[in-house]
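Single-structure report; data block below.
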Amino acid sequence: MRVLDGALAPPDGTGSRILFVDLETTGLSGGAGTIAFLVGCAWFDIGALQVRQFLLTSYAAERALLAAVAECFDDTALLVTYNGKTFDVPVMETRWLFHRMEMPLDGVRHFDMLHPARRLWRDRPDGVAADAYADGDAGCRLATLERVLFGVRRVGDVPGMEIPSRYFRFLRSGNAAPLEPVLEHNRLDLVSLAAVTAHAARLAHEGSDACRDGSEALALGRVYERAGAVDRALACYGRAARDSHAAVDVKGEALYRIGLRHRRERRFAEAAAIWRELRDLDGGSRPLMTELRRFAAEALAVHHEHRERDLEGARELALLALEEADGASFHVKAEATRHRLSRLDRKLAQKKDSHLFGGCI
DNA sequence: TTTAACTACTCCGACTCGCG
DNA sequence: CGCGAGTCGGAGTAGTTAAA
């Protein structure tokens, strides 16, 4: 999981357990008025996922609930949440602080699966995003991921917005029936969180071979590159670029990243070959491909001017890049290309002069 | 040795989007 | 609905390279 979150070191220290946590609360605002009335915890033991839920049956019992949860956090090496950095952990810490209790999470490593999930699956043209938007649903919500990654569709699940009002109804009436689906929702969220985390960890461990398609390979490559695993990143980009079923945007970005990697490591000839391949991709008028083709023309112009000493070729490519400059940053990029063109013209004129001069002698 | 061009950083502000 | 972690693009800067 270190690959998935650079800040994360492998579990060590006193605890030994990886603990998945999900809260149901009385609202979203997160201030002192928001209470976690259900704390779900899950961990792997004896070959299965064990789930334990702490339900607050009255406000008076909150201190006891927090103490029981703190006890459950003992022996935890790693806490895993979904958006927990922003939501679950601050809510819990506020409650412990409110009761002037010790903070059981101090010193416990925390892995928030939301951000790696976005890196891995947000941009899937055929997957999470497209499917989610068709449903009017957000792209990387936990329930969306479980549907797209595992083909699971929840039946009769409680919408999150309904959860606080169901709890208030329970407090007023004492009837726990409206809470049953909330407990089930929390349990499913924990199972999903564990499954999504395990799936991401498998991808990170097994690399490009474990990817289902080019789009996932491209995303995993970005994750590896961020983590400094350059060779594994290149393997993923290669897989994405050569995937015959991959969308042209996916291939284009994969080639672009392979080319950048070559150039950064001063393998200029290999980089140039990739820029040529990128220019040969048939991307139609897709904005990303238009920009990548322009970028490749500019990079090839640099290569021809400075490495191959082919001023005419460089000029031709710079002209192409200028023609293809488009979009929001048109002016900045076109300006740089014009600057390049005028320098190339100057150099070509000098070359011509020196030839003439040489010829007269 | 000087100079221009390129590259790789860092920093900052403006976003986006998940949670019940 | 509010909050905040993370991302993205632009601007500025320091270091590197190679030609003259």
Side-chain angles (χ1 to χ4, degrees), chain A residues 4-7 21-40 56 81-94 110-123 128-129 132-133 137-145 157-168 179 181-183 185-186 188-190 192-193 196 219 222-223 225-226 259-266 268 271 288 291 298-299 301-303 305-309 311 314 318 327-333 335-337 339-340 342-344 346-347 350-351 354:
Chain A
L4 296 173
D5 182 344
V21 171
D22 181 51
L23 304 186
E24 309 307 325
T25 71
T26 55
L28 263 187
S29 51
T34 299
I35 286 175
F37 68 83
L38 178 61
V39 181
L56 185 69
T81 61
Y82 205 76
N83 198 27
K85 280 188 182 170
T86 304
F87 188 73
D88 302 66
V89 167
V91 166
M92 280 194 287
E93 286 187 330
T94 302
H110 179 196
F111 177 67
D112 187 340
M113 186 60 219
L114 167 66
H115 309 291
R118 279 187 176 150
R119 281 175 220 132
L120 283 171
W121 300 301
R122 185 188 46 196
D123 292 338
V128 174
Y133 293 136
D137 200 0
C140 263
R141 289 168 60 173
L142 190 54
T144 311
L145 282 186
D157 190 36
V158 196
M161 262 176 65
E162 241 181 62
I163 288 173
S165 60
R166 280 175 179 260
Y167 182 64
F168 295 133
L179 279 188
V182 176
L183 285 156
H185 168 90
N186 179 254
L188 289 177
D189 272 356
L190 285 168
S192 262
L193 174 59
V196 168
R222 287 195 217 110
V223 169
E225 201 171 7
R226 258 177 64 101
L260 281 185
R261 216 358 98 185
H262 283 314
R263 190 175 71 177
R264 211 170 284 168
E265 285 160 27
R266 314 193 62 74
F268 296 113
L288 175 67
E291 171 54 21
E298 184 94 37
V302 170
H303 183 72
E305 179 184 353
H306 296 281
R307 319 276 168 213
E308 302 213 332
R309 317 257 178 261
L311 297 179
S329 50
F330 171 80
H331 291 293
V332 177
K333 281 165 186 166
E335 199 43 51
T337 311
H339 184 69
R340 183 181 315 286
S342 64
R343 183 179 64 242
L344 282 165
R346 213 166 53 231
K347 282 188 181 179
Q350 279 171 9
K351 197 172 143 194
S354 71

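Naming: A, B, ... by sequence-line order, numbering from 1 per chain.
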Quickly work out the [X] [atom1] to [N] [atom2] distance and round it to whole Å.
{"X": "A:R122", "N": "C:dA5", "atom1": "CZ", "atom2": "C1'", "result": "13 Å"}
{"X": "A:F87", "N": "C:dG4", "atom1": "CZ", "atom2": "C1'", "result": "13 Å"}
{"X": "A:L193", "N": "B:dG18", "atom1": "CG", "atom2": "P", "result": "15 Å"}
{"X": "A:E162", "N": "B:dC19", "atom1": "CD", "atom2": "P", "result": "16 Å"}
{"X": "A:L23", "N": "B:dC19", "atom1": "CG", "atom2": "P", "result": "13 Å"}
{"X": "A:F168", "N": "B:dG20", "atom1": "CZ", "atom2": "P", "result": "15 Å"}
{"X": "A:W121", "N": "B:dC17", "atom1": "CH2", "atom2": "P", "result": "18 Å"}
{"X": "A:E308", "N": "C:dA18", "atom1": "CD", "atom2": "C1'", "result": "16 Å"}

Measure from the side-chain heavy atoms of [X] and tell me the nearest of [options].
{"X": "A:N83", "options": "B:dG18, B:dG20, C:dG6", "answer": "B:dG18"}
{"X": "A:E24", "options": "B:dC19, C:dA5, B:dG20", "answer": "B:dG20"}
{"X": "A:R226", "options": "B:dC6, C:dT7, B:dG20", "answer": "C:dT7"}
{"X": "A:R263", "options": "B:dG18, B:dG20, B:dT7", "answer": "B:dT7"}
{"X": "A:P164", "options": "B:dG20, C:dG2, B:dG18", "answer": "B:dG20"}
{"X": "A:K85", "options": "C:dG6, B:dG18, C:dG2", "answer": "C:dG6"}

Applying a 4.0 Å non-hydrogen cut-off, can you work out what [X] is touching in the nucleic acid: base, sugar-phosphate, or nothing?
{"X": "A:L114", "value": "sugar-phosphate"}
{"X": "A:T86", "value": "base"}
{"X": "A:D88", "value": "nothing"}
{"X": "A:V91", "value": "nothing"}
{"X": "A:Y82", "value": "sugar-phosphate"}

Main-chain N/O of [Y] paired to [X] side chain as donor or acceptor, under 3.5 Å:
{"X": "A:T144", "Y": "A:C140", "answer": "no"}
{"X": "A:N83", "Y": "A:L114", "answer": "no"}
{"X": "A:D22", "Y": "A:D189", "answer": "no"}

Do A:Y167 and A:L38 touch side chain to side chain, with heavy atoms closer than 4.5 Å?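 Contact flag for A:Y167/A:L38 side chains = no.
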
Would you say the side chain of A:E291 lies within less than 4.5 Å of the side chain of A:L288, judging by non-hydrogen atoms?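 The answer is no, as the side chains (C-beta and beyond) never meet within the 4.5 Å cut-off.
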
For B:dT16, take OP1 and OP2 only and decide whether either is under 4.0 Å from a side-chain N or O of A:R118.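 False: A:R118 side-chain N/O out of range (4.0 Å or more) of B:dT16 OP1/OP2.
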
5′-ward residue of the pair A:M161/A:H115 relative to DNA chain C: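 Its nearest nucleotide being more 5', the pick is A:M161.
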
Dump the intermediate steps for side-chain contact (heavy atoms from CB on, under 4.5 Å) on A:M113 and A:T81, then the final yes or no. CA-CA 6 Å; A:M113 186 60 219; A:T81 61; over 6 Å; no

